[in-house]
Visitor: 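This structure is in structure tokens; I'll ask about it shortly.
Convention: sequence-line order gives letters A, B, ...; per-chain numbering from 1.
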Amino acid sequence: MGELEQKFAAAFLTEGRWILYFKGLGVTLGIAVLAAILGVIFGTVLGIMKLSFREDGKKTLWNILATAYVDVIRGTPSVLQLLIMWFIVFATWNNGVAVASISFGLNSAAYVSEIVRGGILAVDVGQMEAGRSLGLSKAMTMRYIILPQALKNMVPPLGNEFITLLKETAIVGYVSLTDLTRAANQIASRTYEAFMPLIGTAVIYFVVIKILTLLLGVLERRLRESDQR
Amino acid sequence: MISVKGLVKDFDNGKHRPPVHVLKGIDYEISAGEKIVIIGPSGSGKSTFLRCLNLLERPTAGQIFFDGEEITASGVEIDRIRTRMGMVFQNFNLFVNLNIMDNLTLAPVKLGLLSKEEAAERARALLKRVNLLDKADVYPSSLSGGQKQRIAIVRSLCMKPEVMLFDEPTSALDPEMVGEVLDVMKRLAEDGMTMVVVTHEMGFAREVGTKVLFMDEGKIIEENTPEGLFDNPQAPRLQDFLSKVL
């Protein structure tokens, strides 16, 4: 057996190490998906809050609160937010994946709120006026007319946000959760051989994200087709 | 039917510039069945005046009464009033995410005025009148401008409004499509609908209007029957305007 094969075997096969990568990938994807769900729901609420103005054009209290939240989240490193969640806010909760998901979800919500706000603002104001002129309330027009159109604008940047989120979860190693990156790092330190586990892990991330990108492309095309009917 | 008293509208122009006075005190009475046509140079405030009538623009000062009820009073449910006032926009504003049938039935159904079947039946009858019944299942993007505007009129009519407001309904159309939209509006006028129309179509104003208003710089400068206003204009600004557009 050549040297390269030996290194490959040590990195991926010996003692069933490939299982560690799979478990790590599971943690990575689990946190990313849970955080994305939380981020999209909370982010949509924040985005709508940021669009709320009083009749005299001034910001509502909701708007001020949401804006402050986004400022704080964007103004501090996500690693630090994770550490604060882990060691302070949820110090006594030992479900690591849940704490990390909440931390990333709250972080992602800030970015999603801007995507939602931008997506709604990109819809022609005439659509809201037409809805209101028929006697529909603002909320009804939002729900039946504006949000379905805004969603189409939001898919590409939301996909982008999810991809960023997926990779950013690699920092959970800081709070000793074993995600894909940490699994690779552990194997590298056990085998005294970094090349195979790290490059192999990079390939895994790349393939997962490539598949995701293709799926998002399909979704985007589907959504656009409904315009052409 | 609609009574406007001392209507003023200022637009804020940022913190450091003075507000723009778009409407400088308008008083007017519109009776049921009238067809009021508003003409005037761009920037004269005629669209803003129209948009104040259903409170798409909030007046800065003044009162608007609809059927005796002051709609500018605080606490008035404007959504309820708007169901009785149709509006047609320059840019059609059909809901691009819905097909034509859903465009027409969304408001009456969601507001609980009609069942889905009743709304669809009314929509089909109205579509038939504008010769667009075959477009019920298509999306707005596949229609021409003239077709879109006829659908937009039908969408308002599905609410059985008591008055129809038209904000330059033919200004965004290719010339060959103006006629088909004006025809629909003329038929509506013949059926007795109360109409307020902001337009640059002087032929329409003369033919359909019961009254024509000339607005300039936020005020009604002259008001008369079409014959009186077009054939015997008094104000110099109106004479000047007519010499440019006729």
Visitor: What do you reckon, is NZ of B:Lys128 surrounded by more than 12 foreign heavy atoms closer than 6.0 Å?
Guide: no
Visitor: Report which part of B:Phe89 has an atom under 4.5 Å of a heavy atom belonging to chain A: side chain, backbone, both, or neither.
Guide: side chain
Visitor: Please check if the number of heavy atoms outside B:Glu121 that lie under 6.0 Å from its CD is greater than 12.
Guide: no
Visitor: State whether the number of non-hydrogen atoms from other residues, nucleotides or ligands found under 6.0 Å of A:Tyr174 atom OH is greater than 12.
Guide: no
Visitor: Taking heavy atoms only and a threshold strictly under 4.5 Å, list by residue number the residues of residues 126-151 of chain A that touch chain B; give 'none' if the list is empty.
Guide: A:Gly126, A:Gln127, A:Glu129, A:Ala130, A:Gly131, A:Arg132, A:Ser133, A:Leu134, A:Gly135, A:Leu136, A:Ser137, A:Met140, A:Tyr144, A:Ile145, A:Pro148, A:Gln149
Visitor: More than 12 foreign heavy atoms under 6.0 Å from CZ of A:Phe22: is that the case here?
Guide: no
Visitor: Is B:Arg155 in contact with chain A via its backbone, its side chain, both, or neither, using a 4.5 Å heavy-atom distance?
Guide: both
Visitor: Measuring heavy-atom distances to chain A, does B:Asn54 have an atom under 4.5 Å in its side chain, in its backbone, in both, or in neither?
Guide: side chain
Visitor: Residues in salt bridge (Lys or Arg N to Asp or Glu O under 4.0 Å) with A:Lys50, at least two apart?
Guide: A:Glu114
Visitor: For chain B, which residues from residues 62-96 of chain A have at least one heavy atom closer than 4.5 Å to it?
Guide: none
Visitor: Are there residues of residues 156-169 of chain B that reach to under 4.5 Å of chain A by heavy atoms, and which ones?
Guide: B:Ser156, B:Met159
Visitor: Sort B:Leu94 into side chain, backbone, both or neither according to what part of it lies under 4.5 angstrom from a heavy atom of chain A.
Guide: backbone
